[in-house]
Amino acid sequence: MNIIWLGHASFRIEIENAVLLIDPWLDGNPSFPADNRADAIAGATHVLLTHGHGDHTANAAAILKETGAVLVGIPEICALLGGEDAIGFNKGGTVDLNGAKVTMVNAVHSSSIETEDGPRYAGHEAGFMIAGEGHTIYVSGDTDIMADMDWMGDLHKPDIGILCAGGHYTMDMARAAYAAKRYFNFSTVIPCHYKTFPALAQDAQVLIDGLPGVDVKTPEVMEIVSI
């Protein structure tokens with residue numbers, strides 16, 4: 001399995017026979033080098049969206065068209081962006097994406113897509129549990145700590161956490177560390193939604209310090225984390 005950070009909250013996950021792009025915001029993302037775009041989306045089979053905000057969805061339609069990938073997400077986002085082939089499902093549902101089992105779980109945030117007429121409802125915010133190759137990855141999406149993390153950790157038992165941790169719009173590094181310790185038993189944690197803008201945390205040291213015994217990885221953009 002390869003996990004590749006594309007900057008901000010965007011990831012490429014190569015798992016089973018799937019290449020999953022999570023919230024792929026590349027064009028206009030100050031964390032992402034534009035000359036890596038082709039490599040970032042090459043061979044994508046599915047695009048997974050956690051919610052509608054532009055720093056998660058702005059490039060989705062273009063990437064779907066370029067790659068032939070299928071959009072996966074909550075039905076309202078799929079109706080807005082995904083076309084006839086989109087896989088719309090909802091919290092508690094599980095879909096098989098080329099051998100990777102993806103379950104939609106709760107998040108606590110907001111979700112809308114900007115239009116010429118102002119914000120448009122884009123369904124509820126969500127996270128994903130992605131199971132395959134003997135691992136389960138929890139992709140938190142944009143969220144704060146929530147009590148649902150208790151049963152999510154107990155039921156799904158994810159060993160890898162991709163956690164928003166930049167603060168201001170989501171939980172910060174200290175809150176992400178608290179959530180990871182209280183509700184999960186991660187072997188590996190990868191922070192995201194940080195370093196992109198001045199309002200967000202610029203490093204992950206607080207998270208690293210808060211999770212002794214956990215392998216907190218802070219890869220550079222396009223660096224491959226193989227697990």
Taking side chain as C-beta onward, heavy atoms only, is Ile130 less than 4.5 Å from Ile15?
yes
Hey, what do you get for NE2 (His156) to CE (Met129), rounding to the nearest 0.5 Å?
5.0 Å
Between CZ on residue Arg120 and CG on residue Leu80, distance to nearest 0.5 Å
4.5 Å
Which residue, Phe32, Phe197, Tyr194, forms the ring pair (Phe, Tyr, Trp, His ring centres under 6.0 Å) with His8?
Phe197
Value rounded to 0.5 Å, distance of OG1 in Thr188 from CG in Asp215
5.0 Å
Identify whether Ile190 and Val221 are in the same connected component of the hydrophobic contact network (ILVMFWY, side-chain heavy atoms under 4.5 Å).
yes
Step-by-step side chain to side chain contact (heavy atoms under 4.5 Å, CB included) determination, Asn2 to Ile227
CA-CA 6 Å; Asn2 292 326; Ile227 297 174; over 6 Å; no
Any donor-acceptor N or O pair under 3.5 Å, side chains Asp23, Thr50:
yes
For Ala176 and Cys164 the tightest heavy-atom approach is CB-O, 4.0 Å
Where the side chain of Ser112 meets the backbone of Ala122, is there a donor-acceptor pair that is under 3.5 Å apart?
no
Would a distance-only check, ignoring hydrogens and angles, find a side-chain to backbone donor-acceptor pair under 3.5 Å from Lys181 to Tyr178?
no
Suppose we screen for ring pair (Phe, Tyr, Trp, His ring centres under 6.0 Å). Which residues come up paired with Tyr121, at least two apart in sequence or across chains?
none
Pick out which of Asp85, Val72, Leu71 makes a side chain to side chain contact (heavy atoms under 4.5 Å, CB included) with Cys78.
Leu71
I'd like to know if the side chain of Asn98 reaches the main chain of Glu16, judged simply by a donor and an acceptor atom lying under 3.5 Å from each other, with no hydrogens or angles considered.
no
Taking the ring centre of each residue, are His53 and His109 less than 6.0 Å apart?
yes
Surrounding OH of Tyr169 (heavy atoms of other residues, nucleotides or ligands, distance under 6.0 Å), is the total greater than 12?
no
For the residue pair Leu163 and Cys192, establish whether any side-chain heavy-atom pair is separated by less than 4.5 Å.
no
Polar side-chain atom of Thr143 near backbone of Val108 as donor-acceptor pair, under 3.5 Å
yes
Hey, could you give me the CE/OG distance between Met146 and Ser140, rounded to the nearest 0.5 Å?
8.0 Å
With sequence neighbours left out, the residues meeting ring pair (Phe, Tyr, Trp, His ring centres under 6.0 Å) with Phe184 are Tyr138, Phe186
Main-chain N/O of Trp25 paired to Asn29 side chain as donor or acceptor, under 3.5 Å
yes
Measuring only between side-chain heavy atoms, which start at C-beta, is Ile4 closer than 4.5 Å to Glu14?
yes
Should Asp203 and Lys195 count as an ion pair when the cut-off is N to O under 4.0 Å?
no
Quick one: does Glu133's side chain have a donor or acceptor within less than 3.5 Å of a partner on Met1's backbone?
yes
Nearest heavy-atom approach of Ala69 to Leu64 is O-CD2, 3.3 Å
Applying salt bridge (charged side-chain N to carboxylate O under 4.0 Å, His left out) to Asp96 and not counting sequence neighbours gives Lys101
Salt bridge check, Arg37 against Asp27: does any charged N sit closer than 4.0 Å to a carboxylate O?
yes
For Asn90 against Pro75, the heavy-atom pair lying closest together
ND2-CD, 3.8 Å
Any donor-acceptor pair under 3.5 Å linking the side chain of Ser10 with the backbone of Leu6?
no
Note: Leu20 and Ala18 closest approach over all heavy atoms is CD2-CB, 3.7 Å
Measuring from Leu26:CG to Ile41:CD1, what's the distance to the nearest 0.5 Å?
7.0 Å
Would you say the ring centroid of His193 lies under 6.0 angstrom from that of His168?
no
Looking at Glu76 and Ile74, would you say the former's side chain and the latter's main chain have a donor-acceptor pair under 3.5 Å?
no
Check the hydrophobic clustering (I, L, V, M, F, W, Y; side-chain heavy atoms under 4.5 Å; chains of links allowed) and say if Val19 and Ile137 are grouped together.
no
Could you walk me through whether Val70 and Leu97 pass the side chain to side chain contact (heavy atoms under 4.5 Å, CB included) test, one step at a time?
CA-CA 10 Å; Val70 174; Leu97 305 182; over 6 Å; no
Donor-acceptor contact present, side-chain Thr115 to main-chain Gly118, <3.5 Å
yes
Indicate the atoms forming the closest heavy-atom contact of Ala147 with Tyr183, along with that distance.
CA-OH, 4.3 Å
Side-chain H-bond candidate by donor/acceptor type, Asp159 with Ser187, under 3.5 Å:
no
Test item: Arg12 side-chain N/O and Ala44 main-chain N/O as donor-acceptor pair under 3.5 Å:
no
Less than 4.5 Å apart, any side-chain heavy atom of Ile208 and any of Val214?
no
Roughly how far, to the nearest 0.5 Å, is the NE2 atom of His56 from the CG atom of Leu48?
13.5 Å
